[in-house]
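Because the structure is a prediction, the values reported are computed rather than measured. All values below were derived from every heavy atom in this structure, side-chain atoms included, with hydrogens, water molecules and symmetry-related copies excluded.
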Amino acid sequence: MAEDTVPVFDTLVVIGPGLIGSSVLRRARAQGNLARRLIAVDQNPDVCARVAELGIADEVTTDAAAAAAQADCVMLCVPVGAMGPVAAQVVPAMKPGAVLTDVGSTKVSVIEAISPSLRADVPYVPTHPMAGTEFSGPDAGLADLFENRWCLITPLDCTTTDALEKIRTLWERCGARLREMTPAHHDRVCAIVSHLPHLLAFTICGTADDLASETRSEVLDFAASGFRDFTRIAASDPIMWRDIFLSNREALLEMLGRFMEDAQAMARAIRWEDSDYIVDRIERGRKIRKSLIENKQA
């Protein structure tokens, strides 16, 4: 059997089969080389029933601890605010040597929440696959969701080399591009490239919703492509993003402060008809867009 066809894990447990979790399950089912056996866990029986209907796991259960006891890898795909309580529930049940990993969009707060539950014989590899859509739930998953997208890995001092390599291989087989960094650096990067854009999208849509009724109806009738792009982002899961904003509040507030200063500078340029400044800012935006396209991230 070729090396790349041997499953990374015998039994993979995905806790929280939403967009990310169900996409991992779909990829694992389609390729067969992530895990021999797949177990999906969710506290909501309706979600479990839907996952069973979709046929993307070999077993579906609401009992996280019982599932974790069978796992060679437990992947936490729950909202970042729930990571600590879920880890406290599953880590004590895990087999020695089984790998714990998570897909949280913030890392410092998630690691702090999970750390009290960690065991010396259960290696932990924090990750963040930077892929997604505005949809959520098990039906939103896509087998190719991670294709050519970045998965950021923030190993800890206690992360074993073997566990790190297994998680790297898992995400490579999902099609992801990998980058390792510290948890704090991760949170600063994601604050500007992901969290701040979502905050702005939610805020702009809220501003539009607060307009006088006659103007608001025109916003909905005549929404141009720029506003439509914001509404797509703003359609994201509110509980998940509430948790992300609060979990990464220091880095997010820093980036928001910098953005507000830049927005005020643009306002001054418009007020005083500073064409050079305006053109410079637009050109910088065009260059970033071109770079994203060249990097296959657009």
Side-chain angles (χ1 to χ4, degrees), residues 6-80 82-104 110-111 113-115 117-119 121-129 137-138 140-141 143 145-146 151 153 159-160 162-174 176:
V6 177
V8 183
F9 297 104
D10 184 71
T11 300
L12 171 64
V13 172
V14 173
I15 301 182
L19 171 63
I20 299 298
S22 70
S23 293
V24 171
L25 291 170
R26 282 175 167 84
R27 185 79 174 203
R29 181 67 93 204
Q31 293 196 172
N33 63 355
L34 301 189
R36 181 189 64 82
R37 184 162 172 259
L38 303 169
I39 302 177
V41 179
D42 199 279
Q43 63 180 356
N44 186 333
D46 293 335
V47 172
C48 290
R50 183 55 184 155
V51 171
E53 288 175 5
L54 292 169
I56 55 177
D58 298 299
E59 180 183 333
V60 188
T61 179
T62 58
D63 192 335
Q70 306 174 58
D72 297 286
C73 177
V74 172
M75 180 181 288
L76 305 181
C77 302
V78 297
V80 292
M83 289 287 184
V86 174
Q89 185 179 3
V90 302
V91 172
M94 292 176 66
K95 298 184 294 187
V99 179
L100 176 70
T101 188
D102 78 274
V103 301
V110 166
I111 291 167
I114 290 176
S115 290
S117 302
L118 293 181
R119 291 164 36 192
D121 59 351
V122 174
Y124 170 41
V125 187
T127 74
H128 175 203
L145 182 68
F146 312 107
C151 180
I153 302 177
T159 301
T160 65
D162 180 65
L164 177 59
E165 285 307 307
K166 286 180 178 178
I167 294 301
R168 287 181 61 92
T169 301
L170 183 147
W171 284 112
E172 285 173 346
R173 292 183 181 182
C174 284

Nearest heavy-atom approach of Leu54 to Pro138 is CD1-O, 3.7 Å

Check: residues 60-77 side-chain donor-acceptor pairs under 3.5 Å, at least two apart:
from  : atom 1 : to    : atom 2 : distance (Å)
Thr61 : OG1    : Asp63 : N      : 2.9
Asp63 : OD1    : Ala65 : N      : 3.4
Asp63 : OD1    : Ala66 : N      : 3.1
Gln70 : OE1    : Arg37 : NH1    : 3.0
Gln70 : OE1    : Arg37 : NH2    : 3.0
Gln70 : NE2    : Ala66 : O      : 3.4
Asp72 : OD1    : Lys95 : NZ     : 3.3
Asp72 : OD2    : Thr11 : N      : 3.0

With rounding to the nearest 0.5 Å, note down the distance linking OG1 in Thr101 to CG in Leu170. 8.0 Å

Does the pair Val14 and Leu38 meet the rule for a side chain to side chain contact (heavy atoms under 4.5 Å, CB included), with working shown? CA-CA 8 Å; Val14 173; Leu38 303 169; over 6 Å; no

What are the two closest non-hydrogen atoms of Pro7 and Gly32, and how far apart are they? CG-O, 3.8 Å

To the nearest 0.5 Å, what is the distance between CD1 on Ile56 and CZ on Arg29? 8.5 Å

With distance as the sole test, does Arg50 use its side chain to make a donor-acceptor pair with the main-chain N or O of Gly137 at under 3.5 Å? no

List the atom of Val24, the atom of Leu34, and the distance in Å for their closest heavy-atom pair. O-CD1, 4.1 Å

Gln31: side chain to side chain donor-acceptor pair (under 3.5 Å) partners, not counting sequence neighbours: Arg27, Asn33

According to salt bridge (Lys or Arg N to Asp or Glu O under 4.0 Å), who are the partners of Asp42, at least two apart in sequence or on a separate chain? none

Those residues at least two apart in sequence (or on a different chain) that pass salt bridge (Lys or Arg N to Asp or Glu O under 4.0 Å) with Asp46 are none

In Å and rounded to the nearest 0.5 Å, what is the CG to OG1 distance from Asp121 to Thr160? 11.0 Å

Can you tell me how far apart OG1 (Thr127) and CZ (Arg168) are? Round to the nearest 0.5 Å. 12.0 Å

Determine whether Thr169 and Arg173 satisfy the following criterion, side-chain hydrogen bond (donor to acceptor under 3.5 Å, both in side chains), listing intermediate values before the conclusion. CA-CA 6 Å; Thr169 301; Arg173 292 183 181 182; 5.8 Å; no

What residues, two or more places apart in sequence or in another chain, satisfy ring pair (Phe, Tyr, Trp, His ring centres under 6.0 Å) together with Phe9? none

For Glu172, enumerate each residue passing the salt bridge (Lys or Arg N to Asp or Glu O under 4.0 Å) test, keeping only those at least two apart in sequence or located in another chain. none

I need the minimum non-hydrogen distance between Thr159 and Leu164, along with the two atoms involved. CG2-CB, 4.1 Å

Say you draw a straight line from CG of Asp102 to CD1 of Ile167; how long is it, rounded to the nearest 0.5 Å? 10.0 Å

